[in-house]
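Have a look at the structure below before the remarks.
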There are 2 protein chains.
Amino acid sequence: MIEHTDLSKPIYKRLKEMIRNGELKQGEKLVQEKIAERLGVSRTPLMKALLALENEYLVESKPRRGMYLRVLDRKEIIDIYVCREAIEGMAARVLATKKNMSHVSQLKACFNPFTSDTDIDVDAYAKADETFHSLLIKLTDNTPLDKIYFFNDIHDRVVGHGLVRAPKDTLKEHFDIIEAIAIGDADKAEALTRLHINKSKELLINQHKIKTSE
Amino acid sequence: MIEHTDLSKPIYKRLKEMIRNGELKQGEKLVQEKIAERLGVSRTPLMKALLALENEYLVESKPRRGMYLRVLDRKEIIDIYVCREAIEGMAARVLATKKNMSHVSQLKACFNPFTSDTDIDVDAYAKADETFHSLLIKLTDNTPLDKIYFFNDIHDRVVGHGLVRAPKDTLKEHFDIIEAIAIGDADKAEALTRLHINKSKELLINQHKIKTSE
DNA sequence: ATATTGCATTTTGTATACAAAATGCAATAT
DNA sequence: ATATTGCATTTTGTATACAAAATGCAATAT
């Protein structure tokens with residue numbers, strides 16, 4: 001039995017964990033009674049959590065039939081990258097317009113641990129990368145943009161496909177974006193951010209092509 | 001008693017209607033029992049509807065305290081315009097890349113009724129405008145983008161502040177965007193779409209300035 | 001052997017009961 | 001007069017009972 005002010009929140013987190021680590025499989029039907037029993041809660045707060053996941057597009061509800069874990073195919077992952085290009089690009093633009101030095105140092109702080117010549121800890125870098133991209137949104141102080149991105153982020157994390165490109169390829173790109181924000185070059189900040197995300201997207205698209213053509 | 005496969009959907013729609021026409025006021029506390037009684041349903045399906053609204057950011061839940069109708073201030077409306085710039089701009093880009101003539105004629109169809117010299121019916125034009133902007137997203141066939149925009153659209157509709165600019169100002173802009181898509185000029189399609197939305201945004205910002213400086 | 005039907009079982013959707021927390025207000029203290 | 005306390009009332013959060021729909025499978029028909 002999980003304790004909280006509202007059970008649905010910890011249930012929601014637990015479900016996401018279960019989705020990410022494969023305890024629940026893609027396409028699987030989520031039988032309310034069974035999951036409720038497994039988590040030691042009743043269907044009422046579980047339903048709340050499932051509805052939140054449905055709104056985030058992780059779970060699909062077929063009326064009268066039940067809730068199903070959505071299947072994310074490659075097209076949808078690529079579509080998410082297109083969304084990220086639009087949203088993060090705009091975020092970088094907004095930040096460049098603001099030209100706030102506290103923002104700049106916060107962004108730099110993400111990657112400072114990796115500036116020495118020593119080998120980069122890939123896991124640590126992956127986390128820094130995630131922090132950087134979240135921060136880019138948070139710092140804009142644009143609540144709707146934040147909400148929208150959060151929704152996307154969910155997807156991305158669930159996909160859980162770690163880094164698409166090696167740190168040595170992306171580290172400079174990150175610093176270039178930060179620099180453009182620092183000097184207040186909005187066009188450049190946006191363009192660089194888009195390019196950065198676009199490169200990963202292209203890689204995913206090409207992987208697909210290789211796979212299907214063989 | 002409303003009939004449906006799932007009561008929460010009609011309840012959800014009814015609530016949105018109540019929000020839009022002012023039956024429910026901004027900032028108001030939504031006491032579950034009272035609304036449930038008013039709609040002739042129990043709290044269970046009502047809760048589902050309220051959670052959907054919460055996820056769309058129309059309603060805010062304070063744990064153990066209740067659900068409150070969110071207050072949209074001018075900053076947030078402007079922030080939504082920034083989101084629209086990013087998302088619709090990207091949508092126009094995607095469509096220009098596809099260069100699908102069926103898309104082009106569908107988009108044109110929105111505004112064809114207004115091409116004659118006669119006076120424009122503002123209400124009809126407002127509807128056409130809404131259709132056009134929704135269509136721009138739908139035609140991309142990018143599900144996450146669609147989801148994201150839908151979320152935004154909600155806001156916009158609730159604000160319900162009709163047209164920001166007169167049809168005579170925006171009609172040509174719409175056709176120019178469509179033309180850029182038709183010739184497959186992705187950069188232009190995106191730039192024009194952004195400019196189009198940005199102009200309305202600037203107008204809202206200036207209105208604000210006038211108000212506050214007086 | 002395959003398709004169809006009917007029925008028992010499972011599961012969803014809704015209403016409701018109940019405990020715990022929040023709220024509002026009168027009585028009391030300062 | 002204002003602040004504080006205590007208690008009745010209201011409201012939320014959760015569990016659960018029940019009806020209606022969906023499902024699965026055995027029995028029967030083709």
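Just so it is clear, the values below take in all heavy atoms, side chains as well, and ignore hydrogens, waters and symmetry mates. Every chain is numbered from 1, with letters handed out A, B, ... down the list of sequences. All values derive from a computational prediction rather than experimental measurement.
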Parallel under 30°, tilted from 30 to 60°, perpendicular over 60°: which one fits the rings of Phe111(B) and Tyr125(B)? tilted
What residues, two or more places apart in sequence or in another chain, satisfy salt bridge (Lys or Arg N to Asp or Glu O under 4.0 Å) together with Asp129(A)? none
Looking only at side-chain atoms of Lys34(A), point me to the closest of dT11(C), dA15(C), dT14(D). dT11(C)
When you get a sec, tell me which of dA15(C), dT11(D), dT14(C) is the closest nucleotide to the side chain of Val41(B)? dA15(C)
I need the CE-P distance between Met47(A) and dT14(C), as an integer number of Å. 9 Å
Which residues share a salt bridge (Lys or Arg N to Asp or Glu O under 4.0 Å) with Glu85(A), sequence neighbours left out: Lys201(A)
Look at the side chain of Ser105(B) and the backbone N and O of Met101(B), then say whether any donor-acceptor pair between them is shorter than 3.5 Å. yes
Pairs flagged by salt bridge (Lys or Arg N to Asp or Glu O under 4.0 Å) wherever residues 94-113 of chain A is involved - sequence neighbours left out: none
Give the stems involving DNA chain D, where a stem is 3 or more consecutive Watson-Crick or G-U wobble pairs (i with j, i+1 with j-1, and so on) under 3.5 Å. C:1-30 with D:1-30
Of all the choices, dT11(C), dG13(C), dA15(D), which nucleotide is nearest to the side chain of Lys29(A) once you look at every atom? dT11(C)
Pairing residues for Thr143(A) by the side-chain contact (heavy atoms from CB on, under 4.5 Å) criterion, not counting sequence neighbours: Tyr57(B)
With a 4.0 Å cut-off on heavy atoms, is Leu30(A) in touch with a base, just the backbone sugar-phosphate, or nothing at all? sugar-phosphate
Near-strand residues of residues 59-66 of chain B, defined as heavy-atom separation under 4.0 angstrom from DNA chain C: Arg64(B), Arg65(B)
Rounded to whole angstrom units, what separation is found between the CG atom of Asp6(B) and the P atom of dT12(C)? 13 Å
For nucleotides 7-9 of chain D, list the nitrogen or oxygen atoms of the protein found under 3.5 Å from its nitrogen or oxygen atoms, one pair per line.
none

Rounded to whole angstrom units, what separation is found between the CD1 atom of Ile35(B) and the P atom of dT10(D)? 18 Å
Tell me every residue that passes salt bridge (Lys or Arg N to Asp or Glu O under 4.0 Å) with Glu88(A), counting only those two or more places apart in sequence or in another chain. Arg84(A)
In chain order, what residues pass the salt bridge (Lys or Arg N to Asp or Glu O under 4.0 Å) check against Glu202(B), with sequence neighbours excluded? none
Taking only N and O in the side chain of Thr44(B), is any of them less than 4.0 Å away from OP1 or OP2 of dT14(C)? no
Whole-Å distance between dT12(C) C1' and Glu54(A) CD? 14 Å
Sequence neighbours excluded, every pair satisfying ring-ring contact (aromatic ring centres under 6.0 Å, His included) that has a member inside residues 28-50 of chain B: none
Sorted by first residue and then second, give each salt bridge (Lys or Arg N to Asp or Glu O under 4.0 Å) pair with at least one member in residues 25-47 of chain A; sequence neighbours left out. Glu23(A)-Arg38(A)
Just the rounded figure in Å: distance from C1' of dG13(D) to CG of Leu46(B). 14 Å
Taking side-chain contact (heavy atoms from CB on, under 4.5 Å) as the definition, give me every residue that meets it alongside Thr44(B), ordered by chain and number, with sequence neighbours left out. Ser42(B)
Among dT14(D), dT14(C), dT12(C), which is the nearest nucleotide to the side chain of Pro45(B)? dT14(C)
For a quick test of reading the model: is some side-chain N or O of Ser42(A) closer than 4.0 Å to OP1 or OP2 of dT14(D)? no
Separation of dT23(C) P from Glu33(B) CD (nearest whole Å): 17 Å
Just how far, in rounded Å, is P of dA19(D) from CZ of Arg43(A)? 15 Å
